[in-house]
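Here is the structure we will look at.
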Amino acid sequence: MKKILFIVGSARKQSFNRQLADYVSGLLQGKAEVCWLDYADVPFINQDIEFPAPEAVTRVREAVKAADALWVFTPEYNGSYPGVVKNLFDWLSRPLVAGDYETPTAIRGKHVALTGTGGAGMTSGCRKKLTELLTFIGAEVAEPSVGLRVDMEAWTTNQLTLDEEQKTQLAEQVDSFLGKGKMIG
Ligand SMILES: Cc1cc2nc3c(=O)[nH]c(=O)nc-3n(C[C@H](O)[C@H](O)[C@H](O)COP(=O)(O)O)c2cc1C
């Protein structure tokens, strides 16, 4: 069974994007193995500490390399992706050994699905910019990405509720990502 690494772009305890990822994890049951990336301890990138890579960076690189594909669930911050997401992908874009630009980086060639939930814009600015970033660093972004609007009630209950249309969109994204061989590469 193919292994998909889930990356959630929010550390918030009741993150809607984490709830969304949980839902998609359920859809993938029996179809793919889901692993979750814990990257809370990855430091801000700083070339003074790049080599040898900090332990947390080595750990996330190994997790990414071991996965057949990645699936990013992220909120939109000010029309773009959160800084923690940029920091993670900046680390993943760098050579594994100082000066070695031949060996592929951890992210190069990885197939990535993108999904996000947020306000009325349904994370469109975030997904567009994240697609640009991922393409720039050599990942293969599966199209179409999916953006969903958080239901009104959730803003007070912190409990995300998906409607039937949203559930259908997610089921189609799962089928497309698995079925068209996008994740297999
Ligand atoms: C710094 C910041 C900027 C935000 N900018 C946007 C935005 O541009 N578009 C949007 O839809 N929501 C924006 N939001 C609201 C988030 O989408 C909302 O809080 C969402 O619940 C965050 O995702 P999470 O529940 O997974 O943490 C912003 C939130 C923060 C903290």
Side-chain angles (χ1 to χ4, degrees), residues 3-29 32-46 56 59-60 63-64 67 69-93 107 110-137 139 141-174 176-177 183:
K3 194 188 275 192
I4 305 182
L5 184 65
F6 275 22
I7 299 173
V8 178
S10 169
R12 196 168 77 85
K13 285 194 195 75
Q14 290 178 290
S15 161
F16 297 137
N17 284 279
R18 180 168 295 275
Q19 291 178 48
L20 190 57
D22 275 332
Y23 180 80
V24 173
S25 168
L27 293 180
L28 286 166
Q29 224 164 19
E33 183 190 341
V34 171
C35 315
W36 297 74
L37 188 70
D38 178 359
Y39 62 100
D41 56 348
V42 169
F44 286 134
I45 193 153
N46 169 353
R59 200 194 69 246
V60 299
V64 167
L70 312 181
W71 199 318
V72 180
F73 298 86
T74 182
E76 175 173 288
Y77 282 0
N78 295 316
S80 187
Y81 36 75
V84 290
V85 172
K86 178 67 158 58
N87 187 58
L88 174 67
F89 286 119
D90 282 342
W91 274 113
L92 292 173
S93 74
I107 191 73
K110 285 288 168 191
H111 289 251
V112 186
L114 296 184
T115 310
T117 188
M122 299 186 290
T123 74
S124 61
C126 168
R127 286 178 289 115
K128 179 174 180 286
K129 287 172 184 166
L130 191 49
T131 298
E132 285 167 10
L133 170 68
L134 288 166
T135 303
F136 188 86
I137 64 178
V141 180
E143 295 285 353
S145 62
V146 169
L148 306 176
R149 186 173 184 171
V150 171
D151 61 290
M152 285 314 284
E153 219 175 301
W155 296 110
T156 42
T157 61
N158 258 321
Q159 184 60 51
L160 183 72
T161 303
L162 300 169
D163 64 26
E164 290 310 310
E165 197 183 324
Q166 291 173 328
K167 287 180 181 173
T168 300
Q169 272 183 279
L170 294 169
E172 284 174 1
Q173 191 181 19
V174 164
S176 161
F177 197 40
M183 64 164 286

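In listed order, ligands and their atoms are each counted from 1.
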Quick one: ligand 1 N/O to protein N/O pairs below 3.5 Å?
residue: ligand 1; atom: 5 (N); partner: Glu76; partner atom: O; Å: 3.4
residue: ligand 1; atom: 5 (N); partner: Asn78; partner atom: N; Å: 2.8
residue: ligand 1; atom: 8 (O); partner: Glu76; partner atom: OE2; Å: 3.3
residue: ligand 1; atom: 8 (O); partner: Asn78; partner atom: N; Å: 3.0
residue: ligand 1; atom: 8 (O); partner: Gly79; partner atom: N; Å: 2.9
residue: ligand 1; atom: 9 (N); partner: Glu76; partner atom: OE2; Å: 3.1
residue: ligand 1; atom: 11 (O); partner: Gly119; partner atom: N; Å: 2.9
residue: ligand 1; atom: 23 (O); partner: Asn17; partner atom: ND2; Å: 3.4
residue: ligand 1; atom: 25 (O); partner: Arg12; partner atom: NE; Å: 3.2
residue: ligand 1; atom: 25 (O); partner: Arg12; partner atom: NH2; Å: 2.8
residue: ligand 1; atom: 25 (O); partner: Phe16; partner atom: N; Å: 2.8
residue: ligand 1; atom: 26 (O); partner: Ser15; partner atom: OG; Å: 2.6
residue: ligand 1; atom: 26 (O); partner: Phe16; partner atom: N; Å: 3.3
residue: ligand 1; atom: 26 (O); partner: Asn17; partner atom: N; Å: 3.0
residue: ligand 1; atom: 26 (O); partner: Asn17; partner atom: ND2; Å: 2.8
residue: ligand 1; atom: 27 (O); partner: Ser10; partner atom: OG; Å: 2.6
residue: ligand 1; atom: 27 (O); partner: Arg12; partner atom: NE; Å: 3.1

Run the side chain to side chain donor-acceptor pair (under 3.5 Å) test on Gln173 and Thr115 for me, step by step, so that the C-alpha distance in whole Å, both residues' side-chain angles and the decisive distance to 0.1 Å come before the verdict.
CA-CA 9 Å; Gln173 191 181 19; Thr115 310; 2.8 Å; yes

Counting N and O atoms only, with roles assigned by atom type, does the side chain of Thr123 sit under 3.5 Å from a partner on the main chain of Glu76, one being a donor and the other an acceptor?
no

For the side chain of Tyr77 and the backbone of Cys126, is there at least one donor-acceptor N/O pair under 3.5 Å apart?
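No, the answer is negative, given that no donor and acceptor are paired below the 3.5 Å cut-off.
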
Would you indicate whether the side-chain heavy atoms of Leu88 and Val84 approach each other to under 4.5 Å?
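A side-chain contact under 4.5 Å is absent here.
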
Aromatic plane relationship, Trp155 with Phe16 - under 30° parallel, 30 to 60° tilted, over 60° perpendicular
perpendicular

Could you check whether Arg18 pairs with Asp22 (Lys NZ or Arg NE/NH1/NH2 to Asp/Glu carboxylate O, under 4.0 Å)?
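No, this pair does not count.
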
